[in-house]
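Model, not experiment: these values are computed from the prediction.
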Amino acid sequence: MENKWPAKQISDWVVQGALGKEAVWERVDKAVEGSYNFPFGGEPKPILASLFHSLSTSEGLLTEATFIGLLQTKVDLPRSPDGVIVGKILFSSLAYLSTVPFPSSTTTAPPRGRLSLAQLARALVWIVPDNYGYIVEEGNFSRQRSKADHRRLIFQSLASRLDREPHYDAENARRLALHNAFEVEYEARREYCALNHDGDGDEIYHDLLDVLYGTQIKHDPRYAPVHRDDFRPVAKQIAAENDLDRLYALGIPVDRFVALVKLLLDFQFTQSDENDDENRDLGPSRFDAAARSVCAAFHHQNAVQGDDGATSAVITWPMFDHGLKNVAPYLFDPLYHIISTVFMGKRGPGISYLLDAPSPLPSGTPLTMVLLSQLTTFLGGSADFASFRRTLHYSASDDLPKTASELIKAMEAISEEAVMMLSARSEGSGETYVFGVFSYKPQQDVGSIQTNVIPSYVGQERCAIFQLAPVQDIFRGVVGKPGWTVTGSDTVVFGQPGGGGVVLMLEDGLRSVDIAHQVPITEGDGNSGGYVYEPNVWRGNWSTSLHNSDIEIWTDQDN
């Protein structure tokens, strides 16, 4: 006989008003109260509560202006217009996250201009990676949350509802959600992974299910809780009553994202007087071109048309997910550092400290601090940038011999973590392109690209071709394939000509570089063509021939 107890219990809670928005938030607030004094365990430290009460208004609210001033004082948020814009974006992000699991871009509560202590604490639960354990329980009666869930909440907090929704493809949306559902660090956690985009609702609806299950009223610990799936019918009703956002109806205006990314790039390294230069006073503005290169990986020319007929570029969830997961996985580390430093007093789980800045860079190097900040967004877990040093530099004006064999010899002399940088320009447009190759183990990658899977370590990149300008991208090598080959003394090829994927070829005494990018003919072909470096299917097929201006090799090793 079907167990009717869960349905009756849920019905009773509905009658009691226990599943209303305010009642759920009350239980959420009670669950996170410990975070005021115990940010991540240890001795009592009333960091958040004490800080908040010292800054709040007589009504007990933190205003946007006070929040921005706090960031300027605590973490040197620039006082320039660029810095103020980012401060407003971050406050708006926290305000949105404070409404989870009832996010509604059209009826945002609280008003974006102020936050209570409870609302701020709620937001911190979601904005900091792996900090949701206060209110979400994972296990056989629920589901395991994944890394993608956190990426998605960051996206939602920066986005708004689009006036005209982009085309929604249910099949592709569920395929992406299924792939993301199993993105967890530890194999043992995969047992409880489950799809969170189905016929009942999308990922935002499933967040509501997670919280309803995790914060349910428990009277007797001897009895099992109401299972997560038993909340589905009432969750659908709650979602409709509260006009919850729909994930695929949201988008981030590109210009808004560029403004934020400029600061994120500026804050990738600890601030060091040794690396001040004539551009330092410009602050985030010097990262404008770099930010647009990074953002190009996030929007792929998506555009929406407004009521006035004008179009504007937006970042939708699938492209944001691709960009943050594959192209710039460390991009938001400075944000987590800022939030944890200001409100929690120390680093939280899953948060990286800002990277130590390298020694002053050689004069005349094309590898500026701006480009170095871009590198950290995907090599932050692979290279020690504080020890970064240049081992080779060729420029178009050099009279030194420029042979492929000499270049590769210098690269293969490095035991681990070699970075080859190419600064080149288009003969036609004069536009500057920056490409490069990262090799985890050059002496082995040449014949067989080495795996980057290291037990108990997360973040190591394998051998890859990358691009920093005018679009940032990374094309990872296929494990077991030869990383590069030298033909005679004049040509070196990274990839397999005619094999598809990405191929980078240096020839004509290293003066010219040819890059070809070819995706599989049909989706699902995988590596049917035998490529060495994985293409980005979002970018389609293209090729370009460039004239090299500079070639450099860098490493963090002493040898």
Side-chain angles (χ1 to χ4, degrees), residues 25 29 32 35-36 39 46-100 102-128 131 153-161 252-253 255-267 271 280-288 291 332 334-346 348 354:
W25 272 339
D29 293 343
V32 302
S35 67
Y36 301 175
I47 297 168
L48 180 58
S50 296
L51 177 66
F52 186 90
H53 291 312
S54 71
L55 298 169
S56 60
T57 66
S58 58
E59 293 84 14
L61 298 172
L62 178 67
T63 66
E64 179 184 79
T66 300
F67 172 81
I68 293 172
L70 180 63
L71 297 190
Q72 291 170 342
T73 301
K74 286 264 191 177
V75 292
D76 294 325
L77 179 74
R79 299 175 185 271
S80 63
D82 281 340
V84 172
I85 288 172
V86 171
K88 290 176 178 288
I89 291 172
L90 296 185
F91 190 85
S92 175
S93 173
L94 289 171
Y96 181 94
L97 293 174
S98 75
T99 69
V100 174
F102 303 101
S104 177
S105 297
T106 58
T107 58
T108 299
R112 295 289 175 104
R114 56 191 185 272
L115 289 169
S116 70
L117 175 58
Q119 291 160 347
L120 177 60
R122 275 185 230 150
L124 297 180
V125 164
W126 299 115
I127 200 169
V128 175
N131 196 36
L153 285 171
I154 296 297
F155 165 78
Q156 289 174 219
S157 75
L158 299 172
S160 56
R161 289 192 188 182
I252 306 172
D255 288 345
R256 175 181 172 87
F257 196 56
V258 168
L260 176 61
V261 170
K262 284 194 291 186
L263 180 118
L264 295 177
L265 290 174
D266 191 18
F267 274 54
Q271 303 303 307
R280 187 71 191 117
D281 290 339
L282 298 176
S285 63
R286 65 179 173 147
F287 289 90
D288 185 73
F332 277 82
L335 170 62
Y336 311 143
H337 175 87
I338 288 170
I339 295 298
S340 61
T341 298
V342 172
F343 294 110
M344 300 176 179
K346 64 175 183 178
L354 301 186

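Of the possible donor and acceptor atoms, one in the side chain of Thr73 sits under 3.5 Å from a partner among the backbone N and O of Gly69. Asp266 places no side-chain N or O within donor-acceptor distance of the main-chain N or O of Phe287, the cut-off being under 3.5 Å. A donor-acceptor pair under 3.5 Å is formed between the side chain of Ser98 and the backbone N or O of Ala95. A side-chain donor-acceptor contact under 3.5 Å links Ser340 to the backbone of His337.
The distance from atom NE2 of His53 to atom CG of Leu62, rounded to the nearest 0.5 Å, is 11.5 Å. Leu265 contributes atom CG, which lies 10.0 Å from atom CZ of Arg286 (distance to the nearest 0.5 angstrom). Rounding to the nearest 0.5 Å gives a distance of 9.0 Å between NZ of Lys88 and CD1 of Ile85. The distance from the CZ atom of Arg256 to the CG atom of Leu158 is 6.0 Å, given to the nearest 0.5 Å. One finds the CD atom of Glu59 at 12.5 Å from the OG atom of Ser116 (value rounded to the nearest 0.5 Å). Note that CG of Leu97 and CD1 of Ile154 are 6.0 Å apart. Values are rounded to the nearest 0.5 Å.
Using a 4.5 Å heavy-atom threshold, the side chains of Ser56 and Leu61 count as separate. In this structure, Val342 and Ile339 have side chains that are not in contact, with every pair of non-hydrogen atoms separated by 4.5 Å or more. Looking at heavy atoms from C-beta onward, Leu77 lies in side-chain contact with Leu263 at the 4.5 angstrom threshold. The side-chain heavy atoms of Leu90 and Ile68, taken from C-beta on, include no pair separated by under 4.5 Å. Residues Asp29 and Arg122 have side chains in contact (heavy-atom distance under 4.5 Å, counting atoms from C-beta outward). Phe332 has its side chain within reach of Leu260: a pair of non-hydrogen atoms, C-beta onward, lies under 4.5 Å apart. Leu70 has its side chain within reach of Leu51: a pair of non-hydrogen atoms, C-beta onward, lies under 4.5 Å apart. Side-chain atoms of Lys74 and Thr341, non-hydrogen and from C-beta on, never get closer than 4.5 Å to each other.
A parallel orientation is assigned to the rings of Phe343 and Phe67, their planes being inclined by less than 30° (bins at 30° and 60°).
Residues Leu120 and Phe52 share a closest heavy-atom pair of CD2-CD1, 3.9 Å. The heavy-atom pair separating Pro284 from Lys262 by the smallest distance is O-CD, 3.5 Å. Taking every heavy atom of both residues into account, Asn131 and Leu124 meet most closely at ND2-O, 3.2 Å. The minimum heavy-atom distance between Leu264 and Pro334, with the atom names listed, is O-CG, 3.4 Å. Annotation for Arg161 and Ser104: closest pair NH2-OG, 3.4 Å, computed over non-hydrogen atoms. In terms of heavy atoms, Phe267 sits closest to Asp76 at CZ-O, 3.6 Å.
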